[in-house]
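Here's the structure we're looking at; comments come further down.
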Amino acid sequence: MIFGKLRILHSHGRQAIPDLSRVELAERFRGRPELTLTDDMSQVEQAAAICPMGAISVSPFTLDLGRCLFCGECARCAQHNIRFTNDYRMGATRREDLVVRPGQTAVPFFEGAVRADIRRMFSRSLQLREVSAGGDASIEMELGATGNVNFDFGRFGVRFTASPRHADGLVLTGPVTSNMAEALEICYDSIPTPKLLVVCGSEACSGGLFAESRAVDRSFFERHTVDLWLPGAPTHPMTFIEAVTRLRGKASSER
Amino acid sequence: MIYLITDNTASAVPIARIPVVDYMDLYNDLCERMKHERYHVAHYFAAQVAGGGLRFYLLLLDDGESKVMISSFVPDYYSEEGLPSLTAVHPAFHPFEREIHELYGIRFNAHPWCKPLRFPFDRYDRNSTMHNYPFYEMSGSSLHEVNVGPIHAGIIEPGAFRFICNGEQVLHLEIALGYQHRGVESEMTRSTNRLRQSVLAEAVAGDSAVAHATAYAELVEKLSSRSRSTHLERERAVALELERMAMHIADTGALSMDIGFQLYQVACEALRTMTINTTQAWCGNRFGKGLIRPFGTNFPLTAETVEMIRRNVGEIRRRYNEVRCEMKESPSLLARFEQCGVVPREEMRRIGGVGQAARASGLCRDIRASHPSGVYAEDICHEPIVKRHGDVMARLMMRCREMLQSADYIEKILSAYTPLDDMPRPDYHSPLAAESLSFALVEGWRGEICHVALTDAGGRIVKYKIKDPSLHNWFALALAVRGEGISDFPICNKSFNLSYCGHDL
């Protein structure tokens with residue numbers, strides 16, 4: 001029996017990614033888009049018309065990552081104007097920074113919006129409570145994957161915890177359904193201050209596909225300030241890891 | 001004639017051809033038919049008709065002859081009497097009747113468990129809320145209640161569980177859902193943008209994105225007269241089986257984690273990463289979002305992609321099999337999983353269980369075999385894996401065997417696959433048949449997924465109904481933990497791994 005286990009260990013090999021800051025994702029991964037202005041913008045108009053999220057504006061030409069589901073259909077409509085790169089570094093401290101403009105080569109990470117408390121309290125250990133309020137399970141699985149053998153975010157002191165009383169912050173996924181609004185509020189209130197609020201996924205950032213749904217109640221955002229906005233459908237574990245590392249002041253390089 | 005008879009490969013049916021019968025005729029027929037194992041309900045819902053009132057549609061599956069039987073009836077909306085409940089005779093109807101009652105206030109007489117299903121925003125009784133869910137109560141000085149949720153300890157979706165226990169032993173578990181209700185079905189008909197509808201289908205349950213998107217795509221294709229290329233069907237089957245592999249591996253790892261078997265847990269985590277990264281290398285998304293679209297694909301397989309998938313799947317299969325062989329011989333694992341959380345076959349049949357949970361109890365429900373379409377009807381003669389014991393171990397072994405089977409199917413499809421240079425691209429605009437009912441049945445990794453749509457005179461989808469297998473199987477989980485120690489609940493729950501958002505919609 002021990003030989004069987006040794007065989008599993010041997011096949012398993014070393015799985016942890018040694019240096020998370022140098023990860024490159026698959027070529028086809030749809031991450032941060034790049035926009036280009038051209039003389040003829042008719043294709044962008046077509047792309048804006050088909051976009052299921054209304055994330056594209058023609059004049060001025062912008063693409064809102066807080067709404068985008070990264071389906072990639074616009075890049076096929078307007079090949080000269082929109083191109084999805086495999087850059088996963090998309091987290092921002094201000095909602096408006098998620099709106100991508102032509103010529104932009106990185107999503108800005110505005111340091112001025114990071115509260116001093118965050119750097120002082122959470123740069124060594126950060127315990128997070130995840131709340132799904134209408135998340136579709138893919139994003140919850142990706143957040144779970146941040147702690148798995150491959151990414152192993154726990155080695156840098158970032159973990160998900162069971163009780164909000166033990167947590168330093170809340171990670172919110174999903175558009176915030178009316179049926180979950182109260183439980184979310186109670187959970188957020190239970191976390192001792194100072195606390196972080198991270199919204200994860202396009203649905204959490206803007207309501208996504210359900211922004212107009214009558215089953216959704218986003219009044220939570222009128223009462224609380226978000227520290228980190230993470231786009232994606234679902235947000236890739238590396239997007240989460242990179243942005244949280246940067247928020248804690250631990251990033252080794254600029255974007 | 002009570003039913004219109006069709007099957008899972010036929011095109012959409014005109015609504016005018018669906019018989020409108022008297023409810024009592026249908027009731028009597030169903031009471032008799034449902035005694036036989038070959039019949040089960042795929043969907044049963046009500047839709048508002050122009051000019052007021054409701055028309056009820058029923059889709060009954062005949063597994064014996066691969067037929068889908070559709071019927072409908074129009075009750076007197078203003079009648080005070082209510083309808084005799086089918087649930088009282090065959091409990092498999094309970095989620096459907098509860099949904100109809102919750103949405104439209106229709107009374108089902110003698111329904112034994114007419115509780116709120118998901119508290120939708122457009123429910124009939126606005127006074128029925130999360131706060132006054134009518135939990136079942138027992139009294140006695142030796143009993144206590146345990147309430148779990150809606151927020152759970154892990155990174156999972158919300159739902160409320162209430163246990164009634166005698167000491168450590170669970171006497172009753174009641175599962176109250178609805179926290180995830182986003183209004184998916186009404187969003188499906190908000191606009192006619194079919195790209196939006198496709199991405200909505202992918203969001204029904206993110207872990208079954210491929211299965212739900214396939215159901216939507218097939219449903220739309222059936223509403224059009226265009227035929228589907230066999231290449232497209234094969235690529236969809238590969239995506240579906242990759243999704244099944246990934247989730248079965250994930251659940252194997254999660255079950256190992258719950259009993260503290262770290263080696264199997266981490267081995268499965270790494271294998272799942274490898275599987276979903278294969279999907280990502282193919283289509284740019286780890287869950288296959290964006291891959292399945294109506295009439296075509298944006299990611300046609302190339303010779304290199306085929307080679308990459310075959311290589312990875314072969315390696316994952318080999319390594320997973322090593323884990324599987326060790327698992328089934330671990331005495332401490334067997335001691336925890338065997339005879340734990342048993343759902344007997346007859347109970348599973350009565351509550352209408354589907355998918356791999358039903359097969360683990362010996363009830364063979366598998367759309368790939370009973371109502372095949374596409375590849376499953378032609379290239380692959382699917383033989384469902386069926387276990388007998390209905391315990392946690394059976395559900396785990398079910399996953400192990402199905403994961404290997406899926407890997408074999410992918411290899412079989414891809415080894416004979418010659419990539420096409422001019423694969424059809426997605427089409428979001430071709431006209432759809434007017435005044436028709438279209439449905440699609442897909443066997444996702446959890447089980448039977450059923451989508452149904454009704455179109456109006458202009459060929460627009462005006463009613464969209466979705467059924468995730470979780471709708472049936474949540475009740476099986478409640479039965480599984482009866483009599484077990486409450487500390488066995490986590491492994492029972494993981495062994496089903498049901499969808500909250502797929503149920504709440």
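Convention: sequence-line order gives letters A, B, ...; per-chain numbering from 1. What's counted below: heavy atoms across the whole structure, side chains too, no hydrogens, waters or symmetry copies.
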Could you check if a side-chain atom of S11(A) sits within less than 4.5 angstrom of a side-chain atom of R318(B), using non-hydrogen atoms only? yes
Is the shortest side-chain heavy-atom distance between R76(A) and N298(B) below 4.5 Å? yes
If we define contacts as heavy-atom pairs under 4.5 Å, which of R30(A), E27(A), M53(A), E203(A) has the most with chain B? R30(A)
Side chain / backbone / both / neither for F160(A) at chain B, heavy atoms under 4.5 Å: side chain
Relative to chain A, which segment of R182(B) carries a heavy atom at a distance below 4.5 Å: side chain, backbone, both, or neither? both
Tell me, side chain or backbone of I8(A) under 4.5 Å from chain B's heavy atoms, or both, or neither? both
Taking the side chain as every heavy atom from C-beta outward, state whether L271(B) and H12(A) have any pair of such atoms under 4.5 Å apart. no
Does A160(B) have any side-chain contact (heavy atoms from CB on, under 4.5 Å) partners at least two apart in sequence or in another chain, and if so, which? A176(B), Y179(B)
Heavy-atom proximity to chain B below 4.5 Å, by part of A49(A): backbone
Heavy-atom cut-off 4.5 Å, strictly under: side chain, backbone, both or neither for E322(B) against chain A? both
Can you check whether D136(A) reaches E157(B) side chain to side chain, under 4.5 Å on heavy atoms? no
Quick check: does any side chain N or O of R190(B) sit under 3.5 Å from a backbone N or O of E212(A), one acting as donor and the other as acceptor? yes
Winner by heavy-atom pair count (cut-off under 4.5 Å) against chain B, out of A233(A), G147(A), G174(A): A233(A)
Would you mind reporting whether L195(B) and C71(A) have side-chain heavy atoms less than 4.5 Å apart? yes
Which residues in residues 283-292 of chain B have a heavy atom less than 4.5 Å from any heavy atom of chain A? C283(B), G284(B), N285(B), R286(B), F287(B), K289(B), G290(B)
Chain A contact via Y500(B) - side chain, backbone, both or neither, heavy atoms under 4.5 Å: neither
Could you look at E182(A) and say if it's the side chain, the backbone, both or neither that has a heavy atom under 4.5 Å from chain B? side chain
Do Q180(B) and T177(A) have side-chain N/O donor and acceptor atoms under 3.5 Å apart? no
Does any heavy atom of chain A fall under 4.5 Å from the side chain of A250(B), the backbone, both, or neither of them? side chain
With a 4.5 angstrom heavy-atom cut-off, is it the side chain or the backbone of N148(A) that approaches chain B, or both, or neither? both
Can you name the salt bridge (Lys or Arg N to Asp or Glu O under 4.0 Å) partners of D258(B), sequence neighbours left out? K494(B)
Part of F70(A) within contact of chain B (heavy atom distance under 4.5 Å): neither
Within-4.5 Å side-chain heavy-atom neighbours: I156(B) and E140(A): no
Would you say R223(A) has more than 12 foreign heavy atoms packed within less than 6.0 Å of its CZ? yes
Does any heavy atom of chain B fall under 4.5 Å from the side chain of T161(A), the backbone, both, or neither of them? backbone
Q280(B) portion near chain A, given a 4.5 angstrom heavy-atom threshold: both
Relative to chain A, which segment of E202(B) carries a heavy atom at a distance below 4.5 Å: side chain, backbone, both, or neither? backbone
Going by the rule salt bridge (Lys or Arg N to Asp or Glu O under 4.0 Å), which residues pair with D64(A) if we only count those two or more places apart in sequence or in a different chain? R67(A), R95(A)
More than 12 heavy atoms of other residues, nucleotides or ligands under 6.0 Å from CZ of R159(A): yes or no? no
Quick one: what part of M247(B) sits under 4.5 Å from any heavy atom of chain A, side chain, backbone, both or neither? side chain
Within-4.5 Å side-chain heavy-atom neighbours: E269(B) and F151(A): no
Do the side chains of F121(B) and D217(A) get nearer than 4.5 Å, heavy atoms only? no
Below 4.5 Å from any heavy atom of chain B, which atoms of A183(A) appear? Answer side chain, backbone, both or neither. both
